[in-house]
S.K.: 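Next up is a structure, given as structure tokens.
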Number of protein chains: 2
Amino acid sequence: MDRQSVTAEDVARHVGVSRSTVSRAFSADRLVKKVTRKKILKAAEELGYQPNALAQALISRRSQIVGIVMGELNNPFHAILHGALTSSLQANGYIPMTAQLGPDKSITDAVSMFRQYQVGAVLLTSMVVTQSMIAACRKAGLLVALLNRIDEEDLAASVCADLEQGGMLAAEHIISRSPSRIAIIEGHEKSWTAKARLAGHLAGLQRAGITPVWVLPGDYTYKAGAVAADVLFSDGPRPDAVICANDLTAMGLMDTARSKYGLRIPNDFAVIGFDDIPMAEWDCFDLTTVRLPVNRMIERTTDLVDRMMAEPTQVSEKTWVPCRLVMRGTT
Amino acid sequence: MDRQSVTAEDVARHVGVSRSTVSRAFSADRLVKKVTRKKILKAAEELGYQPNALAQALISRRSQIVGIVMGELNNPFHAILHGALTSSLQANGYIPMTAQLGPDKSITDAVSMFRQYQVGAVLLTSMVVTQSMIAACRKAGLLVALLNRIDEEDLAASVCADLEQGGMLAAEHIISRSPSRIAIIEGHEKSWTAKARLAGHLAGLQRAGITPVWVLPGDYTYKAGAVAADVLFSDGPRPDAVICANDLTAMGLMDTARSKYGLRIPNDFAVIGFDDIPMAEWDCFDLTTVRLPVNRMIERTTDLVDRMMAEPTQVSEKTWVPCRLVMRGTT
DNA sequence: CTGAAAGCGCTTACAG
DNA sequence: CTGAAAGCGCTTACAG
């Protein structure tokens, strides 16, 4: 089965030019007589010619493949971010190559896969991004950027929602409901984003001179919210407002509070989430939350990739995109 | 920045053999003296050599890249299936290259991207898979297989959950609750899976001599369930059991039934879903549903890819994996 | 079991 | 503006 049957040679012969010229005709910025280019493009179309990307990448030592390192896809927010990212990359002519980290897939494996395919730039979007992951990429000569997290050591570029600002928004909104006992449920302990969100939450409260009564650990899951509910509602004084690290946790909290403790929301306590995943809008939650600006984050990321691919030098710029409050029925 | 600094040539020189031998040492089935191979692999390790996959693919006219065509990632089930698929493919040495169909990304674009990268096999997993999509792939010389759908015209191989059997399971279970008025909410009208599910539902009912009172259109979304609730519960006789094309739709139905019509589940009516997405287990739904055998589907798919890549001839075998009932509180 | 040689399909200085 | 030539890093008959 001869798939790549038609090559630049065929087109060249058909038009009566050299392979070099065909090659140039396909590269936007190279000089070719307008008429010639048009003829070549027409012939290519007719013959069904498409440049072999493998050969292109081999000779130019750089492919259009962009590596994406991500964690598991079980958080709906991650799925959405990832979907938006790959779409946007593709729309801009890049080929996303995703490495999903997991028990049998380390960053080393991912880097090795990327190197084998001459990937130029790598986007790190897994929940946990350590300095050693960045180092592993850099060492292999890969340009790296972080999406939805910030590299505080400035070794990589970053595009991130302004999570501290978003966290403050959440805190301020909760305060406007004048609660007397506030609880916070944190995100994953190893996650940079969890720290940033918490910092925002605390800063917002502090600004109003308020200290949370509870700051409970969590890990961004539904389960974490359910567990926290048991701590908060089983006995003793209860919170009348709970700030959650993300929507999933808020949902777990709400569910357990209602089904197990018979509480009503927002009557018995107010809740606010973070992310604005599609389920936040569902009737059973109707969750007030902080929306991450997914589209703008993706735009900026694609921009960044454009620049990294155009001039292959590591940049370490940081881009912050503000979050906004989405008010619903739980506050 | 010289990324691909160390080549087979370097390793060859280092060990004192030819490039050919280095190449052979990296290919499992080629004959090389054991000692030689060992030396080469050791040197490669030391020098940090990795074969350039681009060059390999170029010369052997086949890359390890597997194309995946999918729709939007907004249905949690699709996200999970896709995550499991890419993981498994990677664990088996393939590189998944995903093309997300959408307003600005047609199957033609996807095929063209795959061809440029000498992709050998393509997996079609988008919700809507038409014969013309299969034809487009075949025409470009791509081997194609369908995941979670069946090609009834036998032009492609298929791995699919046995949706009819699953649908029957749902129907039988609902019948065991002896309802008197059953409603069915369908999936997306253009989707093969929706037809299969419905066929199963109807067959199960028919076997017991039961005809559904309502068969409402849907599209697999939460919204579809909410809309159906208005039809079913606003006035006139109400169903006491609703069979939904998927979990998302069941959730929309439940939410609206409760919040807008004050109904209780399963007291006022029973509901059953399909898929068993993680949210089905949540307290607020506790949804009885039919679980798709994701892991086994993925195993079979990876097997199939192995065979397609090993011997590049289009097969058209069909693999069915049975579904099973997951009983929870809504029935 | 191993090496020399040809060649995959392309790009890019170098001349003209 | 265009062509001839070299070369990206690899695999694979072909000889030995």
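Lettering of chains follows the sequences in order, A, B, ..., and the numbering in each one begins at 1.
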S.K.: For D:dC10, does either OP1 or OP2 sit under 4.0 Å from a side-chain N or O belonging to B:Q56?
M.R.: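 No, because none of the side-chain N or O atoms of B:Q56 sits under 4.0 Å from OP1 or OP2 of D:dC10.
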
S.K.: My understanding is that only residues two or more places apart in sequence, or in another chain, count here; which of them pass side chain to side chain contact (heavy atoms under 4.5 Å, CB included) with A:A156?
M.R.: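 With sequence neighbours excluded, A:A156 shows a side chain to side chain contact (heavy atoms under 4.5 Å, CB included) to A:I134, A:V144, A:L146, A:D151, A:Q314, given in chain and number order.
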
S.K.: Does B:V17 reach a base, just sugar-phosphate, or nothing at all? Heavy atoms under 4.0 Å.
M.R.: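 The residue B:V17 makes sugar-phosphate contact but no base contact.
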
S.K.: Please state how far atom CG in B:L58 lies from atom C1' in C:dT11, giving the value in whole angstrom units.
M.R.: 13 Å

S.K.: Go nucleotide by nucleotide along DNA chain C from the 5' end; which of A:A8 and B:I59 gets its closest nucleotide reached first?
M.R.: B:I59

S.K.: Among residues at least two apart in sequence or on other chains, which ones pass side chain to side chain donor-acceptor pair (under 3.5 Å) with A:R300?
M.R.: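 Testing A:R300 for side chain to side chain donor-acceptor pair (under 3.5 Å), a comparison that skips the adjacent residues, returns none.
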
S.K.: What is the distance, to the nearest angstrom, from the CD atom on B:Q116 to the C1' atom on C:dC8?
M.R.: 17 Å

S.K.: Given C:dA4, C:dT12, D:dC8, identify the nucleotide with an atom nearest to the side chain of A:S60.
M.R.: C:dT12

S.K.: Regarding A:T36, tell me which of base, sugar-phosphate or nothing describes its non-hydrogen contacts under 4.0 Å with the strands shown.
M.R.: sugar-phosphate

S.K.: Show me the dot-bracket string of DNA chain C, counting Watson-Crick or G-U pairs under 3.5 Å, with | for pairs to another strand and [ ] for crossing ones.
M.R.: |||.||||||||.|||

S.K.: Taking only side-chain N and O atoms of B:Y49, does any of them lie within less than 4.0 angstrom of OP1 or OP2 on D:dC10?
M.R.: yes

S.K.: Are B:I150 and B:W192 side-chain neighbours, meaning at least one heavy-atom pair lies under 4.5 Å?
M.R.: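 SC-SC contact between B:I150 and B:W192 confirmed.
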
S.K.: Mind checking what makes side chain to side chain donor-acceptor pair (under 3.5 Å) contact with B:E153, not counting sequence neighbours?
M.R.: none

S.K.: Rounded to the nearest angstrom, tell me the gap between atom CD in A:E9 and atom C1' in C:dT11.
M.R.: 14 Å

S.K.: Please report, rounded to the nearest Å, how far the P atom of D:dC8 is from the CG atom of B:D10.
M.R.: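 My rounded result for the distance is 11 Å.
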
S.K.: Contact class for A:T21 (heavy atom, under 4.0 Å): base, sugar-phosphate, or nothing?
M.R.: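 A:T21: backbone/sugar contact only, no base atoms under 4.0 Å.
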
S.K.: Kindly write out the residues that satisfy side chain to side chain contact (heavy atoms under 4.5 Å, CB included) with B:S60, not counting sequence neighbours, or none if the list is empty.
M.R.: none

S.K.: Give a yes or no on whether a salt bridge exists between B:E311 and B:R307, defined as a side-chain N under 4.0 angstrom from a carboxylate O.
M.R.: no

S.K.: Only counting residues at least two apart or in another chain, list the ones meeting side chain to side chain donor-acceptor pair (under 3.5 Å) with A:K105.
M.R.: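 Partners of A:K105 under the side chain to side chain donor-acceptor pair (under 3.5 Å) test: none.
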
S.K.: Between D:dG16 and D:dT12, how far apart are the two C1' atoms, rounded to whole Å?
M.R.: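 Pairwise C1' distance, D:dG16 against D:dT12, rounds to 16 Å.
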
S.K.: Return the set of residues passing side chain to side chain donor-acceptor pair (under 3.5 Å) with A:H82 (not counting sequence neighbours), or none when no residue passes.
M.R.: A:T98

S.K.: Quick one: A:L54 CG to D:dG7 P, roughly how many Å, whole number?
M.R.: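 In whole Å, D:dG7 P and A:L54 CG are 22 Å from each other.
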
S.K.: Detail all sub-3.5 Å separations between protein N/O atoms and N/O atoms belonging to nucleotides 13-16 of chain C.
M.R.:
from   : atom 1 : to    : atom 2 : distance (Å)
C:dA13 : N6     : A:R24 : NH2    : 3.0

S.K.: How would you list all residue pairs meeting side-chain hydrogen bond (donor to acceptor under 3.5 Å, both in side chains) that involve residues 16-28 of chain B, not counting sequence neighbours?
M.R.: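 For residues 16-28 of chain B, and leaving out neighbouring residues, the side-chain hydrogen bond (donor to acceptor under 3.5 Å, both in side chains) pairs sorted by first residue read B:S18-B:T21.
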
S.K.: Within this structure, what is the CD1-to-P distance between A:I40 and D:dG3, rounded to whole angstrom?
M.R.: 8 Å

S.K.: Nearest whole angstrom, please: distance from the C1' of D:dG9 to the CD of B:Q118.
M.R.: 15 Å

S.K.: OP1 or OP2 of C:dG3 less than 4.0 angstrom from a side-chain nitrogen or oxygen of B:S18, does that happen here?
M.R.: yes

S.K.: Is there a side-chain contact between B:L89 and B:T302, using heavy atoms and a 4.5 Å cut-off?
M.R.: yes

S.K.: Take the protein atom NZ of B:K38 and the nucleotide atom P of C:dC1, then report the distance between them rounded to whole Å.
M.R.: 15 Å

S.K.: Looking only at side-chain atoms of A:R19, point me to the closest of C:dC8, C:dC10, D:dG9.
M.R.: C:dC10

